[in-house]
Structure formats: C-alpha cells, structure tokens
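One structure is given below, encoded as structure tokens.
Atoms within a ligand are numbered from 1 in the order they appear, just like the ligands themselves. Since the structure is predicted, the reported quantities are computational estimates derived from the model, not experimental observations.
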Amino acid sequence: MGQFDSDLNSDAFNQNPYPLYHRMRDEAPVYWSDSWGCWMLTRYEDITRTLHDYQSFTSLGRLTASLDLPEPMWEKVAPLVRHYSQGLINVDPPDHTRMRKLVHMAFTPRAIRKMQSYVQDIVDRLIEEQLERGEMDVIWDFSYPLPVTVIAEMMGIPVADHAKFKAWSGEIVGFMATPKPSAEVLLKSQAALLAMQQYFRDIFAKRRNEPEDDLITALARAELEGDKLTEEEAVSSCVTILIGGHETTTYLIANGFYALLQNPDQFRRLRDAPELDASATEEFLRYEGPFQRNRRIATRDLQIGGVNIKKGQLIVQFLGAANRDPTHFPNPDALDISRTPNKHLAFGYGPHFCLGAPLARLEAPTAIRALLQRLKNVRLAEDGLEWNSALFRGLKSLPIQFERA
Ligand code: HEM
C-alpha cells in the first residue's frame with residue numbers, strides 16, 4: 001500500500017483532513033491510492049486544470065467507475081449506474097450545456113432575489129423558536145431546516161416531506177462516502193434513488209396537468225416542448241438539485257459558525273461589521289467547505305504534474321486541499337473573514353461550477369447574521385464534537401448555549 005493509505009483511511013483524517021492534505025501536497029501531489037482505487041490531487045493548479053478540461057477529464061460515469069463488483073452484481077445495480085451516467089452533473093458538454101441552460105432558469109439573479117425575503121422570514125422564524133430555550137443544536141434546529149424549506153419551495157414540493165428527502169439523500173450519497181462500497185451499501189443507495197425518482201415522476205405528472213410557478217413546472221414545460229429534455233433527464237436533474245441543495249448549505253452555515261466559535265476574534269469582527277458578511281461566507285467556503293471530494297475520469301493516457309495517468313482511471317480532486325494550498329492562500333490554515341483575493345474552489349470550477357452558489361450565498365450569510373445578532377454569550381454546550389464520515393463535511397451535531405441578545 002502507498003505511503004498515505006493508512007492515514008487516508010483513519011478516523012484522524014476524517015476528523016481533520018488538513019494536515020494530511022498538506023503532507024500529500026508537499027510529498028506526492030499526484031498520489032495513487034490502492035485502497036481507494038484512484039489518483040488523488042491536492043494542488044490548486046492540478047485541480048483547476050482537471051475541472052476545466054472536460055475533454056481530458058470526463059464527468060461521465062465518474063461515480064460508478066471505481067466500483068469493484070462481481071459480474072452478476074452489475075446487472076442488479078444497473079439503475080444506479082444509469083442514473084450516474086446521465087443528468088446534469090454527470091455528463092459533459094454539449095449535453096451538459098443544454099441541460100444546464102434549462103436548470104439555470106431557476107437560479108438567475110432575479111430568481112434568487114425573489115427568494116430573499118422568504119429566506120429571511122424562515123431564518124427569523126427558526127431562530128425565534130429557539131430563543132427562549134437558551135440552547136439549541138445549530139445543525140438540527142436551524143441550519144438543516146432552512147435550506148430544505150427553501151429548496152422545497154423553489155422546486156414546488158411539500159416541505160412536509162423533508163424527513164423523506166433527508167433519509168433518501170443520505171442513503172443515495174451513502175455509496176460515495178466509502179471508496180469501495182459493498183454490494184449491500186450499493187443496493188441501499190439504489191433503493192433510495194428509485195424511491196426519490198418515483199417521487200419526482202409523480203410530481204411531474206401532476207404539474208403537466210396543473211402547472212405552478214415552480215422549477216418542476218418549468219422543467220416539465222421544457223420536456224413537453226419537444227426534444228429539449230427527456231423525462232429521465234428532468235427527474236435526474238431534480239435528484240441532483242434536491243441532494244445538492246440542502247445538506248451542503250446546512251453544513252456551510254454550521255461549519256462557518258463553528259469556525260467563528262473557535263476563532264473568537266473573527267467572531268467579534270463579524271458581529272460588529274455586517275458589511276463583511278459576503279467575504280466571511282467565501283472564507284467559510286474556503287476554510288471548511290462542505291464538499292471536499294470531487295471526481296473525474298481520464299479520457300486518455302496523459303500526465304498530471306509529470307505523473308502518468310492511464311485512460312479510464314479515476315481522479316479524486318480534494319477541493320479542501322486546493323483551498324488550503326499556500327501558493328494561492330497565504331497563511332492557509334488561518335480563518336480570515338476579510339481575505340482577498342479568495343478564489344476558492346468550494347463550488348468547483350469550469351463548466352460544472354455549482355449552479356446553486358447564488359442561493360447558498362444568500363442563505364448562509366442571512367443565517368449566520370441572525371445567529372450573531374439574536375444570540376449573545378454563545379458557547380459550545382459540549383466538548384469533543386465529532387465530524388461525520390458522510391459525503392458532505394460537517395459535524396454530527398453542534399449544540400450551543402446562549403442568551404437572548
Ligand atoms: C455550500 C453549498 C454548496 C457547495 C459547497 C456546493 C458544491 C458544488 C460543487 C463542488 C459542484 C461541482 C461538482 C463537479 O464539478 O462535478 C456543484 C455542482 C452543483 N451544485 Fe452545488 N454546492 C452547494 C450548494 C448548492 C445548492 C444550494 C444547490 C441547489 C439548490 C446546488 C446545486 C448544484 C447543481 C445543480 C450542480 C451541478 C452543476 C452542473 O453540473 O453544471 N448546490 N456544487
């Protein structure tokens with residue numbers, strides 16, 4: 001096994017990946033991991049190159065390429081493999097360009113501005129519910145319900161179904177959290193995926209007859225207008241948006257607030273200077289981004305940083321490592337809420353750059369501003385908080401105590 005494999009599979013890496021990212025970047029920035037079955041990139045330049053050049057580094061099949069399965073199993077997981085070989089996030093231009101144009105309609109600056117007062121109202125309501133208690137779990141009482149409510153409203157699905165979304169999303173991405181998932185894990189992910197697909201198919205069927213002012217109606221219309229979008233593509237894009245649209249933002253808010261609690265000088269700075277909200281959000285994305293492991297597949301034999309890569313090999317881009325690359329970010333392990341420039345890669349780069357970024361950039365500062373203004377004497381209610389080992393980087397819980405400001 002390679003020099004970093006045992007560390008990569010340790011809980012210490014899960015709890016704090018940054019020391020290992022630094023070592024890998026210094027000693028083997030293009031590293032082959034036997035246990036994960038992929039190349040790993042930790043340098044900013046290599047990661048932007050591989051995200052930008054989709055002709056050499058494809059998104060197609062990237063999530064199922066490294067599966068190591070006996071022949072009869074492939075047939076059993078065919079629907080999962082199929083899902084990850086199509087739909088917005090898993091295809092390259094020009095198919096990608098066509099789908100992205102359609103889904104983008106929901107995320108134009110105008111569409112996002114329309115959500116502004118809605119987001120503020122939900123934030124105010126959620127925080128109001130906690131104020132009298134003097135304690136809350138920032139994740140489960142606050143930063144989880146906010147994005148799930150917002151995304152449900154945008155898509156036009158009942159927010160009352162959020163427990164279903166949460167369970168399905170966690171199970172669907174479950175297979176991506178482990179490098180070589182077992183057949184059991186794959187089948188569990190697939191069952192949740194099929195359930196979510198059916199859920200969307202039913203809503204599409206309703207919206208074709210009874211249109212509303214929501215994203216599903218817009219996609220249904222595109223589908224009806226001919227060959228713009230097939231039903232399968234529309235459903236698969238909805239799965240991506242629903243999964244991408246809530247847990248990532250949950251953890252952006254919670255990771256950002258936790259970073260402030262650990263850096264009291266930055267906490268005070270931000271509390272006293274609301275004009276820093278936007279740059280603080282960019283710094284939270286850089287410092288503790290919720291999505292750390294992106295993937296592509298080499299489409300031909302090529303080199304990265306002088307290392308030979310073979311056609312078909314999987315490449316994992318550690319976005320959190322790029323975001324702490326000292327050649328781009330001076331003093332990279334320090335939280336600096338006014339850092340400029342701050343061209344982090346937390347939302348990716350190139351043709352697949354996160355479509356939901358404007359929404360996350362609306363929700364996170366609104367949420368964190370409310371925590372800073374409405375609470376005082378905030379302290380952690382427990383020591384030794386743990387990071388989860390799921391696909392998205394976030395704490396298992398973030399219990400705090402406080403007084404009403
Ligand atoms: C902090 C929050 C978020 C982070 C860190 C994040 C991260 C990312 C990243 C890294 C990618 C690129 C993946 C790739 O290159 O293969 C991406 C794509 C995407 N994200 Fe996000 N995301 C966030 C929030 C959201 C939200 C709120 C939504 C939707 C409401 C969303 C929807 C999408 C979609 C649809 C794509 C696919 C774009 C494409 O393939 O063209 N994301 N996101």
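Near Gly245, meaning under 4.0 Å from one of its heavy atoms, ligand 1 places the atoms 26 (C), 27 (C), 28 (C), 29 (C), 30 (C). Near Leu359, meaning under 4.0 Å from one of its heavy atoms, ligand 1 places the atoms 30 (C). Of all atoms in ligand 1, listed by their number and element, those nearer than 4.0 Å to a heavy atom of Ala346 are 5 (C), 7 (C), 10 (C). Under a 4.0 Å criterion applied to the non-hydrogen atoms of Leu252, ligand 1 contributes the atoms 1 (C). For ligand 1, the atoms closer than 4.0 angstrom to any heavy atom of Phe291 are 10 (C). For ligand 1, the atoms closer than 4.0 angstrom to any heavy atom of Phe107 are 29 (C), 30 (C). Proximity to Gly348 (heavy-atom distance under 4.0 Å) selects the following atoms of ligand 1: 10 (C). Taking a cut-off of under 4.0 Å to the non-hydrogen atoms of Arg296, the atoms of ligand 1 that pass are 14 (C), 15 (O), 16 (O).
Using a 4.0 Å cut-off between heavy atoms, Ile89 contacts ligand 1 through both its backbone and its side chain. Residue contacts with ligand 1, taken as heavy atom pairs separated by less than 4.0 Å, involve Ile151 solely via side-chain atoms from C-beta onward. Contact annotation: for Leu88 versus ligand 1, heavy atoms closer than 4.0 Å belong to both the backbone and the side chain. By the criterion of a heavy-atom distance under 4.0 Å, neither the backbone nor the side chain of Met154 is placed next to ligand 1. Of all the heavy atoms of Arg361, none lies under 4.0 Å from any atom of ligand 1, so neither backbone nor side chain is involved.
Atom 25 (C) of ligand 1 has as its closest protein heavy atom Gly244 O, 3.2 Å. Scanning the protein for heavy atoms near atom 27 (C) of ligand 1, the closest one is Thr249 OG1, 3.5 Å. Nearest protein neighbour of atom 14 (C) of ligand 1, counting heavy atoms only, is Asn294 ND2, 3.1 Å. Distance from atom 21 (Fe) of ligand 1 to its nearest protein heavy atom, with residue and atom name: Cys354 SG, 2.3 Å. Among protein heavy atoms, atom 24 (C) of ligand 1 sits closest to Thr248 OG1, 3.3 Å. Protein heavy atom closest to atom 12 (C) of ligand 1, with residue, atom name and distance, is His352 O, 3.4 Å.
Pro290 counts as a contact of ligand 1, since one of its heavy atoms falls under 4.0 Å from the ligand. Contact annotation: Leu345 has no heavy atom less than 4.0 Å from any atom of ligand 1. The shortest separation from a heavy atom of His96 to ligand 1 is under 4.0 Å, placing the residue in contact.
Salt-bridge check for Arg324 with Asp333: passed, with a basic side-chain N closer than 4.0 Å to an acidic carboxylate O. Salt-bridge check for Arg268 with Asp265: failed, with every basic side-chain N at 4.0 Å or more from each acidic carboxylate O. By the 4.0 Å N-to-carboxylate-O rule, Arg49 lies too far from Glu45 to be salt-bridged with it. Look at Lys396 and Asp137 and you find no salt bridge, because none of the NZ, NE, NH1 or NH2 atoms lies under 4.0 Å from a carboxylate O. Between Glu282 and Lys343 no salt bridge is recorded (no basic side-chain N to carboxylate O distance below 4.0 Å).
There is no side-chain donor-acceptor pair under 3.5 Å between Trp387 and Asn16. No hydrogens or angles considered: a donor-acceptor pair under 3.5 Å links the side chains of Arg133 and Gln130. A donor-acceptor pair shorter than 3.5 Å can be found between the side chains of Tyr21 and Gln292. Judged by distance alone, the side chains of Ser10 and Asp7 never bring a donor and an acceptor atom under 3.5 Å apart.
Using bins of under 30°, 30° to 60° and over 60° for the plane-to-plane angle, the ring pair Tyr144/His162 lands in the tilted bin.
The aromatic ring centroids of Phe318 and Tyr31 lie 6.0 Å or more from each other. Under the 6.0 Å cut-off for aromatic ring centres, Tyr251 and Phe392 do not qualify, their centroids lying 6.0 Å or more apart. Aromatic rings from Phe57 and His52 are positioned such that their centres are separated by 6.0 Å or more.
For a threshold of 3.5 Å applied to N or O pairs, the pair formed by Thr240 and ligand 1 contains no separation below that value.
Phe329 carries Arg286 over the face of its six-membered ring, with the cationic atom under 6.0 Å from the centre and within 45° of the normal.
Of the candidates Gly356, Ala357, Pro93, it is Gly356 that places a heavy atom closest to atom 28 (C) of ligand 1. Among Arg393, Arg62, Arg100, the residue whose heavy atom lies closest to atom 38 (C) of ligand 1 is Arg100. Across Tyr251, Phe347, Phe284, heavy-atom proximity to atom 6 (C) of ligand 1 is greatest for Phe347.
Met196 has its side chain out of reach of His83: every pair of non-hydrogen atoms, C-beta onward, lies at least 4.5 Å apart.
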